[in-house]
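Here is the structure we will look at, set down as structure tokens.
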Amino acid sequence: MNDTADKIALVTGASRGLGAAIAETLATRGYHVLALARTSGALEELDDRIQAAGGAATLVPVDLCNDDAMRQICRSIHDRWGRLDLLVHAAIHAPPLSPIGHTDERDLDKTIASNIRATARLIANTEPLLKASPNSQAVFFDDPTHTKKFHGTYGLSKAAQLQMARNWQEENAKSSPQVKIVTPAPMPTALRARFYPGEDRDKLTPCNDEAARLLEDLGL
């Protein structure tokens with residue numbers, strides 16, 4: 001672990017898809033990446049790719065809904081680096097699509113816990129670290145599909161998550177962190193495959209290409 005790293009980034013949902021691609025790309029751009037996800041095996045594969053490219057990462061296998069673990073992680077970031085320069089919140093839970101009247105109670109509870117409550121706690125726990133860095137950013141992802149029919153549980157949680165991000169953005173308009181909301185192009189992710197199982201994935205933008213584009217647009 002590099003205690004003197006110039007830039008520190010925390011990426012949630014870093015085990016696969018866009019989160020993994022962003023973590024991998026940031027590591028090639030001088031960031032020490034704290035890669036957070038529930039899947040240890042996929043995180044280890046990410047770390048292998050990062051090390052092969054000469055980057056550095058700390059693997060954080062944890063459930064974002066675990067409040068005690070998240071508080072401890074943020075405390076550890078404070079004790080080691082004293083700040084956080086970048087937060088990228090790519091973690092998302094996507095329940096099966098269904099009519100809103102057929103919403104499964106367990107799916108509803110898990111989706112609210114993962115996409116709304118955990119996001120609120122993530123903001124609360126990382127804000128002091130981000131404010132300790134003068135030019136920090138926090139990045140969230142919009143998803144135009146969340147307004148479509150049958151996306152009820154996912155859609156309501158995504159709308160709430162984005163509203164939190166917009167509120168945080170306005171609250172910090174004149175200070176750190178700069179809160180950014182970006183809209184990725186359609187990518188061949190596991191989440192999208194669940195929503196569009198018959199889609200031609202060859203026509204979608206590769207995650208690594210989209211990660212590079214988004215980070216360029218963000219000036220990172």
Side-chain angles (χ1 to χ4, degrees), residues 8-29 31-66 69-70 73 86-97 107 110-111 113-116 118-119 122 126 138-146 151 153-154 157-158 161-162 165 181-218 220:
I8 312 298
L10 174 61
V11 181
T12 71
S15 61
R16 55 175 60 89
L18 182 60
I22 284 179
E24 190 173 347
T25 305
L26 286 171
T28 68
R29 299 185 180 187
Y31 281 85
H32 183 96
V33 177
L34 300 160
L36 189 154
R38 290 180 297 177
T39 311
S40 298
L43 284 177
E44 291 169 0
E45 293 173 3
L46 169 68
D47 191 43
D48 289 343
R49 296 195 300 272
I50 287 175
Q51 290 192 43
T58 297
L59 306 185
V60 189
V62 69
D63 187 339
L64 198 62
C65 295
N66 186 329
M70 289 305 301
I73 289 163
L86 176 64
L87 168 66
V88 179
H89 187 30
I92 195 74
H93 174 68
L97 300 185
D107 283 337
K110 184 175 181 179
T111 304
S114 300
N115 298 348
I116 301 178
T119 298
L122 180 68
T126 59
V139 181
F140 296 83
F141 299 99
D142 195 359
D143 180 358
T145 68
H146 82 266
H151 288 62
T153 303
Y154 169 74
S157 68
K158 192 64 181 177
Q161 185 185 90
L162 290 170
I181 301 171
V182 298
T183 305
M187 296 166 289
T189 61
L191 183 150
R192 189 171 179 88
R194 293 181 67 183
F195 288 172
Y196 305 102
E199 187 175 41
D200 183 355
R201 292 169 71 82
D202 291 337
K203 295 182 179 180
L204 304 176
T205 304
C207 293
N208 280 25
D209 292 352
E210 189 60 7
R213 183 190 72 81
L214 291 170
L215 292 175
E216 288 292 340
D217 288 350
L218 291 164
L220 300 171

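Note that these values count all heavy atoms, side chains included, but never hydrogens, waters or copies made by symmetry.
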**Study point:** Spacing of His32 atom NE2 and Leu10 atom CG [to the nearest 0.5 Å]
**Key:** 10.5 Å
Review point. Which atom names give the shortest non-hydrogen contact between Ala57 and Ile50, and what distance separates them?
Key: CB-CD1, 3.8 Å
Exercise for review: Measure across Thr12 and Ala91 and return the closest heavy-atom pair with its distance rounded to 0.1 Å.
Suggested key: OG1-N, 3.1 Å
Practice item. Side-chain contact test, heavy atoms from C-beta onward, threshold under 4.5 Å: evaluate it for Phe141 versus Thr183 and give yes or no. Key: no
Practice item. Give a yes or no answer on whether the side chain of Lys158 reaches the backbone of Asn115 with a donor-acceptor pair at less than 3.5 Å. Key: no
Review point. So, for Pro95 and Phe195, which heavy atoms are closest and what is the spacing to 0.1 Å?
Key: O-CE2, 4.0 Å
Check your understanding: Between atom CD1 of Ile8 and atom OG1 of Thr58, what is the distance when rounded to the nearest 0.5 Å?
Key -> 8.0 Å
Review point. Which heavy atom of Cys65 sits nearest a heavy atom of Ala113, and at what distance?
Key: SG-O, 3.5 Å
Review point. side-chain contact (heavy atoms from CB on, under 4.5 Å) between Leu64 and His89: does it pass, once the steps are laid out?
Key: CA-CA 11 Å; Leu64 198 62; His89 187 30; 3.4 Å; yes
Only distances under 3.5 Å count here; give the side-chain donor-acceptor pairs of residues 33-49 to other protein atoms, sequence neighbours excluded, each with its distance to 0.1 Å.
from: Asp47; atom 1: OD2; to: Gln51; atom 2: NE2; distance (Å): 2.8
from: Arg49; atom 1: NE; to: Glu24; atom 2: OE1; distance (Å): 3.0

Exercise for review: Take Leu214 and Leu18 through the side-chain contact (heavy atoms from CB on, under 4.5 Å) test and state the conclusion after the steps.
Suggested key: CA-CA 10 Å; Leu214 291 170; Leu18 182 60; 4.1 Å; yes
Check your understanding: Which residue pairs pass the side-chain hydrogen bond (donor to acceptor under 3.5 Å, both in side chains) test with at least one member in residues 185-198, sequence neighbours excluded?
Key -> Lys148-Tyr196, Arg192-Glu199
Practice item. Any chance you could measure Asp142, atom CG, to Leu162, atom CG, to the nearest 0.5 Å? Key: 5.0 Å
Point to revise | Qualifying salt bridge (charged side-chain N to carboxylate O under 4.0 Å, His left out) pairs, either residue in residues 200-214, two or more places apart | key: Glu210-Arg213, Arg213-Asp217
**Study point:** Chi angles and distances behind the side-chain contact (heavy atoms from CB on, under 4.5 Å) call for Phe140, Thr119
**Key:** CA-CA 10 Å; Phe140 296 83; Thr119 298; 4.0 Å; yes
**Study point:** Atom of Met70, atom of Leu122 and distance for their closest heavy-atom approach
**Key:** CE-CD1, 3.9 Å
Exercise for review: Give the minimum heavy-atom separation between Thr153 and Asp107, together with the two atoms involved.
Suggested key: CG2-O, 4.1 Å
Practice item. Give a yes or no answer on whether the side chain of Ser157 reaches the backbone of Tyr154 with a donor-acceptor pair at less than 3.5 Å. Key: yes
